[in-house]
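Read the structure below first, then the notes.
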Amino acid sequence: MKLSLIKPARLLLPREVPLERWCVVACDQYTSQPEYWERVRLAAGSGPSTLHLVYPECYLGSTDAAAYTRQINAAMSRYLSEGVFRELPDRYLAVERTLRSGRKRWGLMAALDLEAYDYASGSRSPIRATEGTVPQRIPPRAAVRRDAPLELPHVMVLMDDPEDTVLGPLKAAAASGSPCLTEEYRGRLMENSGSLRGWSLDSAAAAGVEAAVEALPAPDGMVLAVGDGNHSLATAKACFEELKQVLPREEWENHPARYALVELVNLYDPSLEFEPIHRLVTEVDPQDLLGWLREQLGCDSARIPDGAMGLDYRMAGQKGTLWTSHPSSPLEVGVLQPLLDRYTAQRGGVIDYIHGDDVLERLAQEPGSVGFLLPPMDKALLFPAVVGGGVLPRKTFSMGNAEDKRFYLECRRIR
């Protein structure tokens, strides 16, 4: 079979379930807020809901993982046998997500070919990870996916498409009521998280999408980059590689597990904001850490050369900037993270990842703590940074707030 990037998917949509009850947010959100997931449980009730088909990471470590996984697989099988779904054979879906703020984000649901994807650092595949994969995060996800009859995607894959060649024509078609799109669902999301609307594409619109994706720029052979859901997509890849070891080639080449359902999103969508994730180091001697960093960076605050990169820090009653004239990465986080990893490995300390300037400023005032305030990432640097330096440091950026993350809705058979 010819190596592809995307293809239409055999989609399963809820037949008669309100989206506000059916859809829940990505399982890797609100991991330290069990009260959020309890509200979700109350909103979903005992009827059909994607809540019963996923394993919220909030419950990892506090529940029997094997038993929880069996419950998920049983619910999937029950929904299939009870006619909860209707099937759309071989379709792309255009998705309009209205965020809590009122802004709209557009995407395309498609089956992504895992043979064209590699999450390893230094990969030269057409589809690449943007952040380093933590091997320990794959097994609990693989335990759910390995025997599951269905997949539910929260993976968002980015296209470097400043001219909006892939999604732009679909937006125009939806606005004009073109018959090339057929509305399949619309509804509000729980927890005041906005709304969703989706259209299936006819064959002509599908051909246009495929041609536009094939025509996207491919620096160093890279066409698509994983934005959200790096570890979930890596899990799909790992499970498919397991199948390849036990199935003859003619079977795995056409196996549904060769593909993963994802949402393609334009990197330049105005609603898509890259928010910085700051670093907080605790249980350290702040002066020792800052002194060590100055040595490694070779910085001299008295003589700052033109073009030097600055790393802003905060600590109890003090703030300042560390400078380097020869940064090891074009991104501040790419310079800072490897140094913090080395320091804590050698001298101790704990690294935490903080969302929000005000939260970082407050936590950095605690004794034994140093906070590093990182700037927002220029979206235009994402593809060049991955091409030039491989995967980015973990937690480099966040694509919007938790309530703006992808909600589960569409399903697909993988067995």
Side-chain angles (χ1 to χ4, degrees), residues 9-31 33-60 62-88 93 95-100 107 109 140-141 143-145 147-156 183-198 228-229 232 235 260-263 402-415:
R10 294 180 61 188
L11 296 167
L12 297 174
L13 302 178
R15 191 182 298 276
E16 295 179 349
V17 186
L19 297 192
E20 200 161 3
R21 192 177 79 200
W22 173 258
C23 302
V24 302
V25 77
C27 64
D28 58 353
Q29 300 301 306
Y30 301 101
T31 55
Q33 296 172 255
E35 67 278 6
Y36 174 89
W37 287 101
E38 286 308 306
R39 293 198 306 271
V40 169
R41 192 169 295 279
L42 290 173
S46 59
S49 171
T50 55
L51 175 65
H52 308 308
L53 307 181
V54 299
Y55 198 161
E57 293 186 12
C58 176
Y59 300 135
L60 289 175
S62 63
T63 56
D64 182 331
Y68 208 111
T69 298
R70 287 193 296 270
Q71 291 175 10
I72 290 171
N73 290 341
M76 289 180 175
S77 298
R78 188 171 66 252
Y79 288 5
L80 286 168
S81 64
E82 292 178 351
V84 169
F85 298 109
R86 61 186 179 93
E87 185 173 84
L88 295 180
L93 273 182
V95 179
E96 179 192 69
R97 168 73 181 277
T98 301
L99 305 176
R100 180 184 291 183
M109 299 304 300
R141 291 169 167 80
V144 175
R145 186 180 180 93
D147 297 318
L150 300 175
E151 69 171 353
L152 293 78
H154 70 256
V155 178
M156 293 172 62
E183 184 174 280
E184 301 292 352
Y185 59 73
R186 71 162 75 189
R188 296 201 58 78
L189 298 171
M190 64 173 64
E191 289 287 315
N192 191 29
S193 298
S195 61
L196 279 173
R197 191 178 179 190
D228 272 350
S232 293
T235 299
L261 190 59
V262 304
E263 182 177 353
E403 67 270 12
D404 297 335
K405 299 297 184 178
R406 187 160 213 288
F407 274 60
Y408 299 108
L409 194 163
E410 308 86 355
C411 299
R412 188 181 74 93
R413 295 178 188 265
I414 54 174
R415 295 182 68 190

Indicate the atoms forming the closest heavy-atom contact of [X] with [Y], along with that distance.
| X | Y | answer |
| --- | --- | --- |
| Tyr55 | Ala65 | OH-CA, 3.4 Å |
| His52 | Ala75 | O-CB, 3.6 Å |
| Pro14 | Phe85 | N-CD2, 4.3 Å |
| Arg97 | Leu189 | NE-CD1, 3.4 Å |
| Leu196 | Cys23 | CD1-SG, 4.5 Å |

Under the side chain to side chain contact (heavy atoms under 4.5 Å, CB included) rule, collect the residues that match up with [X], sequence neighbours excluded.
| X | value |
| --- | --- |
| Ser195 | Thr98, Arg188 |
| Asn73 | Thr69, Met76, Asp147, Ala148, Pro149 |
| Arg41 | Glu38, Leu51, Tyr59, Tyr68 |

#### Entry: Pairwise side chain to side chain donor-acceptor pair (under 3.5 Å) hits with a residue in residues 404-415, at least two apart
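Every side chain to side chain donor-acceptor pair (under 3.5 Å) pair that includes a residue of residues 404-415, provided the two are not neighbours, is Glu151-Arg412, His154-Tyr408, Tyr185-Glu410, Asp228-Lys405, Glu263-Arg406, Arg406-Glu410.
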
### Message
Applying side chain to side chain donor-acceptor pair (under 3.5 Å) as the test, list every pair that has at least one member in residues 11-31; sequence neighbours left out.
### Response
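Passing the test, one end in residues 11-31: no pairs.
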
Nearest-0.5 Å distance that lies between atom [atom1] in [X] and atom [atom2] in [Y]:
| X | Y | atom1 | atom2 | answer |
| --- | --- | --- | --- | --- |
| Leu53 | Tyr79 | CG | OH | 5.0 Å |
| Leu93 | Leu11 | CG | CG | 5.0 Å |
| Arg10 | Leu261 | CZ | CG | 13.0 Å |

### Query
Is the shortest heavy-atom distance from the side chain of Cys58 to the side chain of Gln33 under 4.5 Å?
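A side-chain contact is absent here, since even the closest heavy-atom pair is not under 4.5 Å.
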
### Side chain to side chain, Asn192 and Glu403, heavy atoms closer than 4.5 Å
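Of all side-chain heavy-atom pairs linking Glu403 with Asn192, none is under 4.5 Å.
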
#### Entry: Sequence-distant partners of Arg78, side chain to side chain donor-acceptor pair (under 3.5 Å), two or more places apart
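Applying side chain to side chain donor-acceptor pair (under 3.5 Å) to Arg78 gives none.
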
### Query
Is it the case that more than 12 heavy atoms not belonging to Arg197 sit under 6.0 Å from its CZ atom?
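Correct, the count exceeds 12.
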
### Message
Once salt bridge (charged side-chain N to carboxylate O under 4.0 Å, His left out) is applied, what residue pairs with a partner in residues 42-55 remain, sequence neighbours excluded?
### Response
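Found none.
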
### Task
Would you mind listing every salt bridge (charged side-chain N to carboxylate O under 4.0 Å, His left out) that reaches into residues 44-54, with sequence neighbours excluded?
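For residues 44-54, and leaving out neighbouring residues, there are no salt bridge (charged side-chain N to carboxylate O under 4.0 Å, His left out) pairs at all.
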
### Query
Hey, mind stepping through Leu12 and Leu80 against side-chain contact (heavy atoms from CB on, under 4.5 Å) and telling me if it holds?
CA-CA 9 Å; Leu12 297 174; Leu80 286 168; 3.9 Å; yes

### Query
In chain order, what residues pass the salt bridge (Lys or Arg N to Asp or Glu O under 4.0 Å) check against Arg70, with sequence neighbours excluded?
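Arg70: no salt bridge (Lys or Arg N to Asp or Glu O under 4.0 Å) contacts found.
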
### Query
For Glu184, what residues pass the salt bridge (Lys or Arg N to Asp or Glu O under 4.0 Å) criterion, not counting sequence neighbours?
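So Glu184 forms a salt bridge (Lys or Arg N to Asp or Glu O under 4.0 Å) with Arg86.
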
### Query
Counting N and O atoms only, with roles assigned by atom type, does the side chain of Thr50 sit under 3.5 Å from a partner on the main chain of Leu409, one being a donor and the other an acceptor?
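Not a single qualifying donor-acceptor pair exists.
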
### Message
Less than 4.0 angstrom from a charged side-chain N to a carboxylate O is my criterion; do Glu191 and Arg100 meet it?
### Response
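No salt bridge links Glu191 with Arg100.
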
